[in-house]
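Everything below concerns the one structure shown next.
This structure is a prediction, so every number in the text was calculated from the model and none was measured. Throughout, a chain's letter reflects where its sequence line sits, starting with A, and its residues are numbered from 1.
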2 protein chains.
Amino acid sequence: MDAEPPKPTNAELEILTVLWSIGPATVREVYSVISRRRPAQYSTVLKFMQIMAEKGLVRRDEKQRAHVYEAARSREWTQRQLAGDLMERAFSGSAKALLVGALSARKTSKAELAELRKLLDEYRKGQK
Amino acid sequence: MDAEPPKPTNAELEILTVLWSIGPATVREVYSVISRRRPAQYSTVLKFMQIMAEKGLVRRDEKQRAHVYEAARSREWTQRQLAGDLMERAFSGSAKALLVGALSARKTSKAELAELRKLLDEYRKGQK
DNA sequence: ATCTTACTAGTAAAGTTTTCGTACATGGAC
DNA sequence: GTCCATGTACGAAAACTTTACTAGTAAGAT
């Protein structure tokens with residue numbers, strides 16, 4: 001098994017989000033998505049993706065001239081790391097406290113509350 | 001109204017956690033709590049607390065020779081910021097996805113699931 | 001009054017993250 | 001074959017984070 005990649009930084013997470021969304025992609029493709037949202041330089045995105053390859057956050061296929069990058073870990077795996085890390089650092093490991101924080105951060109619709117409840121039901125079943 | 005302090009860094013969050021726990025305290029008091037957990041220098045803790053005062057993360061009472069520091073924002077307020085920030089950046093704003101991440105990050109007891117469910121019930125009532 | 005202890009402030013250095021300019025290479029158009 | 005567009009690699013600098021040393025000062029003990 002590969003060594004675990006480190007927790008992605010903010011900028012790295014943004015790039016991973018694009019890769020998860022559009023799948024394996026070249027720097028140009030990632031850059032074009034990001035630059036639609038905010039000012040960014042191609043060479044900055046390139047540099048990040050090179051660093052991420054070194055760190056093991058992405059895999060790089062160099063067969064083509066324009067290298068193709070792919071997230072090394074799934075969105076779910078990474079989300080688990082990030083949620084677990086924040087839960088430990090800021091919420092004393094309490095999922096409840098984390099959920100309170102999330103819910104109070106913005107308005108939550110009834111539909112969303114219902115979904116959350118359903119999620120807990122499924123979790124309970126899976127555990128029993 | 002004061003300007004909002006920035007999101008605390010890791011080291012800053014550790015210090016805030018101590019302040020929330022023991023209340024307004026001197027550098028020495030915070031240091032003694034932290035150094036029980038891990039190697040740390042007094043002057044490092046001092047420096048952080050000075051920086052945090054500049055950033056507005058803590059308030060400082062200089063009436064005594066040993067200045068007394070106090071978290072400028074409540075634990076709940078800060079947790080809301082942090083949870084909201086991560087939810088946006090890594091979970092597309094979905095509380096459900098964040099909860100999935102948190103629950104899958106570690107074993108969750110039945111008691112905790114029950115607590116979470118109760119929390120949602122209360123939330124629903126509060127909204128209706 | 002002097003000594004010692006405890007505290008703050010200032011300085012600095014190392015590490016990490018973020019940003020971007022530029023050089024060089026390669027593939028395709030002509 | 002030469003030229004141009006599009007890539008990657010490299011280097012470097014700015015900003016932020018983390019750490020720690022040291023000078024100076026003030027309070028309390030003797």
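Distance CG (A:Asn10) to C1' (D:dT17): 13 Å, rounded to an integer number of Å. In this structure, CD1 of A:Ile51 is placed 14 Å from C1' of D:dT8, rounded to the nearest angstrom. The distance from atom CE of A:Met52 to atom C1' of C:dT17 is 13 Å, rounded to the nearest whole Å. As a whole-Å value, the separation of A:Glu29 CD from D:dT6 C1' is 13 Å. Separating the CD atom of A:Glu12 from the P atom of C:dT17 is a distance of 7 Å, rounded to the nearest angstrom. When rounded to the nearest whole Å, the span between CD of A:Gln41 and C1' of D:dG7 equals 16 Å. Nucleotide C:dC7 holds its C1' atom 15 Å from the CG atom of B:Asp61, rounded to whole Å. Atom C1' of nucleotide D:dA20 and atom CZ of B:Arg38 are separated by 13 Å, given to the nearest angstrom.
Salt bridge B:Arg38/B:Glu14: present, at least one basic N to carboxylate O contact under 4.0 Å. Using a 4.0 Å cut-off between charged side-chain N and carboxylate O, B:Glu115 and B:Arg117 make no salt bridge. A salt bridge links A:Arg106 and A:Glu112; the closest N-O separation between the charged side-chain nitrogens and carboxylate oxygens is under 4.0 Å.
The phosphate of D:dT17 (OP1 or OP2) has a side-chain N or O of B:Lys55 nearer than 4.0 angstrom. Within the 4.0 Å cut-off from OP1 or OP2 of C:dT5, not a single side-chain nitrogen or oxygen of B:Arg28 is found. Phosphate contact (OP1/OP2 of C:dC20, side-chain N/O of A:Thr44, threshold under 4.0 Å): present.
Side-chain to base pairing of B:Lys47 with C:dT11: one donor and one acceptor N or O lie within less than 3.5 Å of each other. Judged by distance alone, with hydrogens and angles left aside, B:Arg65 brings no side-chain donor or acceptor close enough to the base of C:dT8 to form a pair under 3.5 Å.
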side-chain contact (heavy atoms from CB on, under 4.5 Å) between B:Leu98 and B:Glu88, worked out: CA-CA 10 Å; B:Leu98 177 57; B:Glu88 274 315 310; over 6 Å; no
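Of the candidates C:dC7, D:dC21, D:dG7, the closest approach to any side-chain atom of B:Ser43 belongs to D:dC21. In the set D:dT8, C:dT8, D:dT19, C:dT8 carries the atom at the smallest distance from any side-chain atom of B:Tyr42. Considering only side-chain atoms of A:His67, the nucleotide from C:dC20, D:dT6, D:dA9 that sits closest is D:dA9. Comparing C:dT17, C:dA9, D:dT8 by their closest approach to the side chain of A:Val27 singles out D:dT8.
Both cation-pi conditions hold for B:Arg28 and B:Tyr42: the charged atom is under 6.0 angstrom from the six-membered ring centre and inside a 45 degree cone around its axis.
Within the nucleic acid shown, B:Thr9 comes within 4.0 Å of sugar-phosphate atoms alone, with no base atom in reach, counting heavy atoms only. Among the protein residues, A:Gln50 comes within range of the nucleic acid bases, having at least one heavy atom under 4.0 Å from a base atom.
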